[in-house]
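Supplied in structure tokens, the structure appears directly below.
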Amino acid sequence: MNPADTLEEARRRIGTCDDLDALKEIERELVGRKGIVASLLAEIPKLDPSERKARGQEANALKQAILGLLKERREEIEAGRLDAARRAEGFDPTLPPPRARRGSLHPITQVTRELEDLFVSMGYEVLDGPEVELDHYNFEALNITKDHPARDAQDTFYCDEEGRLVLRTHTSPVQIRAMEKREPPFRVIAPGRVFRQETTDASHDHTFYQMEGLVVGKDISVAHLIGAMKTLLRGIFGRDLEVRLRPGHFPFVEPGFELDARCPFCPSGCSVCKQTTWIELLPCGLVHPNVLRMGGIDPEVWSGFAFGLGLSRLVMLRHGIDDVRHLLDGDLRFLEQF
Ligand code: PHE
């Protein structure tokens with residue numbers, strides 16, 4: 001057979017071979033020691049010297065071409081085997097890859113960032129404070145003395161035997177830290193995590209989020225407080241809501257209020273406002289003179305207002321979440337909705 005026909009024949013046989021052992025056999029027949037190419041080479045010495053070089057080159061080219069075909073086919077068969085093995089395991093190489101799953105921001109993070117932007121646009125500074133706090137900042141400097149009944153209302157996790165360190169029960173200690181480091185006038189907010197030793201239920205958790213606000217300046221009054229709270233509500237609910245103040249007692253504000261807003265979800269009563277058309281939104285008040293003094297600020301010259309927004313509660317209101325514990329239990333079925 002001439003080299004061209006041999007190559008054709010080799011191409012056909014190799015191309016239709018599906019088995020590595022059979023391929024080895026073909027390799028032996030074509031390019032093995034006693035194979036076709038070997039016999040072509042063996043004939044060269046018998047040829048006329050003028051033809052030897054060309055025939056030698058031809059035979060070698062044929063050998064290289066066949067080796068190339070063999071290698072290609074071997075790889076194809078091996079890949080096919082891998083495929084078959086994967087298919088047997090239930091892997092379908094023709095399926096598109098699974099869509100990459102994207103995370104999302106936790107609803108508390110979302111609302112925190114929105115409110116930070118809103119307050120920064122009004123000239124407030126965003127502050128952080130320690131979650132493990134000194135009793136002094138969490139209570140004493142906020143006008144809550146050792147035997148004050150307000151301590152019972154804020155069931156505290158103590159961190160040491162002497163009761164010097166606590167997990168902060170509110171973000172208000174950041175008020176004192178802010179006053180110590182600043183000269184009035186100033187405006188700050190302090191969003192963060194707070195802790196209370198409570199039996200958990202649908203509306204109580206041992207860990208939740210608040211955002212403290214504090215403004216200190218000349219002649220700051222309840223009117224400033226109401227103005228700021230109305231702006232806050234517009235930021236949260238996207239429109240103006242009527243507000244009302246009820247007296248509320250917190251040792252660090254005087255006067256102290258509970259601020260209610262007209263229910264943004266109904267005209268005349270629904271389950272969110274418990275049929276009252278008002279929702280209890282946030283405690284606030286004018287900073288108590290003792291607290292200003294504790295923060296190193298002269299209450300004869302300066303005054304201020306403070307508020308404590310419950311971020312966890314706000315997120316629940318906004319999304320109609322009926323159990324506060326969903327916010328922290330990390331269940332993807334819940335989290336994926338945001
Ligand atoms: N720190 C108070 C609490 O968590 C809320 C509050 C803040 C009240 C600021 C008035 C002013 O109970």
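Atoms within a ligand are numbered from 1 in the order they appear, just like the ligands themselves.
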Ligand 1 to Ser172 polar contact by distance, N or O atoms, under 3.5 Å: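 Such a contact does occur with ligand 1.
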Side-chain heavy-atom pair Arg193, Phe208 within 4.5 angstrom cut-off: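 Not touching, per the 4.5 Å side-chain cut-off.
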Atoms in ligand 1 flagged as close to Gln210, the criterion being non-hydrogen separation under 4.0 Å: 3 (C), 4 (O)
Phe252 and ligand 1 - part of the residue with a heavy-atom distance under 4.0 Å: side chain
Distance filter under 4.0 Å to Gly308 heavy atoms, resulting ligand 1 atoms: 7 (C), 9 (C)
Phe252/His170 aromatic ring centres below 6.0 Å: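 Judged by ring-centre distance (under 6.0 Å), Phe252 and His170 do meet the cut-off.
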Phe119 six-ring face occupied by Arg187 cation (under 6.0 Å, within 45°): no
Min side-chain heavy-atom separation Ser312-Asp205 under 4.5 Å: no
Any Arg196 heavy atom less than 4.0 Å to ligand 1: yes
Distance filter under 4.0 Å to Phe250 heavy atoms, resulting ligand 1 atoms: 8 (C), 12 (O)
Ligand 1 N/O within reach of Glu212 N/O, cut-off under 3.5 Å: no
CG/Asn60: more than 12 non-hydrogen atoms of other groups inside 6.0 Å: yes
Side-chain heavy atoms of Phe139 within contact of His148, under 4.5 Å: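 Sidechains of His148 and Phe139: no contact.
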